Amino acid sequence: MAKPFTPKVVTANALIEGDVVYLAADDSWTRELSQAELLEDEAVADERLLFASAQTETVVGVYLADATPGENGPEPTHFREDFRRTGPSNYFHGKQSEGPAKSAAPEQETQTHV
């Protein structure tokens, strides 16, 4: 018996910056998971994946990621996707400096990496 379809979002990495991006309902790419289109039909999800995969001048590594409806838009169901949406983990910048991580200890904020 086939496994039932679970809701998904289309995700990839921006070709130039490498940022994690999500496909929105208006065919644009967003860096915010909460603005991604939540796909609840398998046929529609496959169609959106094909559409996104064809945008080789914009994104790389396109795939469907499990998600669930949340209060403010889609939410990840797997730790990998939750980790990806917060940005790089090697030092404090980008999405990490904009979100909840702002409350990090001062020594983390001033750390430099070569």
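Because the structure is predicted, anything quoted here is derived from the model rather than measured.
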Enquirer: From Thr68 OG1 over to Glu40 CD, what is the distance, rounded to the nearest 0.5 angstrom?
Expert: 8.5 Å

Enquirer: Should Leu23 and Trp29 be marked as a side-chain contact (heavy atoms from CB on, under 4.5 Å) after you check the CA-CA gap, both sets of side-chain angles, and the distance that decides it?
Expert: CA-CA 5 Å; Leu23 187 62; Trp29 290 98; 3.9 Å; yes

Enquirer: As an exercise, state the distance from OH of Tyr63 to CD of Glu81, rounded to the nearest 0.5 Å.
Expert: 3.5 Å

Enquirer: What is the minimum heavy-atom distance between Pro74 and Ser34, and which atoms define it?
Expert: CD-O, 3.6 Å

Enquirer: In a check of side chain to side chain contact (heavy atoms under 4.5 Å, CB included) between Val20 and each of Arg31, Glu32, Arg84, which one passes?
Expert: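 When side chain to side chain contact (heavy atoms under 4.5 Å, CB included) is applied between Val20 and each of Arg31, Glu32, Arg84, only Arg84 qualifies.
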
Enquirer: Kindly indicate, with the supporting measurements, whether the criterion side-chain contact (heavy atoms from CB on, under 4.5 Å) is fulfilled by Val9 and Leu38.
Expert: CA-CA 5 Å; Val9 294; Leu38 185 64; 4.2 Å; yes

Enquirer: Can you confirm whether the side chains of Thr6 and Asp66 place a donor and an acceptor under 3.5 Å from each other?
Expert: yes

Enquirer: Of all the heavy-atom pairs spanning Ala12 and Val59, show the shortest one and how long it is.
Expert: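 Heavy atoms only, the tightest pair is CB-CB, 3.8 Å.
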
Enquirer: Check whether any side-chain heavy atom of Leu15 sits under 4.5 Å from a side-chain heavy atom of Thr58, and report yes or no.
Expert: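 Not touching, per the 4.5 Å side-chain cut-off.
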
Enquirer: What's the separation between atom CZ in Phe51 and atom CZ in Arg48, rounded to the nearest 0.5 Å?
Expert: 5.5 Å

Enquirer: Answer yes or no: is there a side-chain heavy-atom contact under 4.5 Å between Asp19 and Asn13?
Expert: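 No, side chains not in contact.
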
Enquirer: Quick one: side chain to side chain contact (heavy atoms under 4.5 Å, CB included) partners of Ser53, sequence neighbours excluded?
Expert: Leu49, Val62

Enquirer: Quick one: pull up OG1 in Thr30 and CD in Glu37 and give me the separation to the nearest 0.5 Å.
Expert: 12.5 Å

Enquirer: Could you measure the distance from the CD atom of Glu47 to the CG atom of Leu39? Nearest 0.5 Å is fine.
Expert: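 Here the rounded value is 10.0 Å.
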
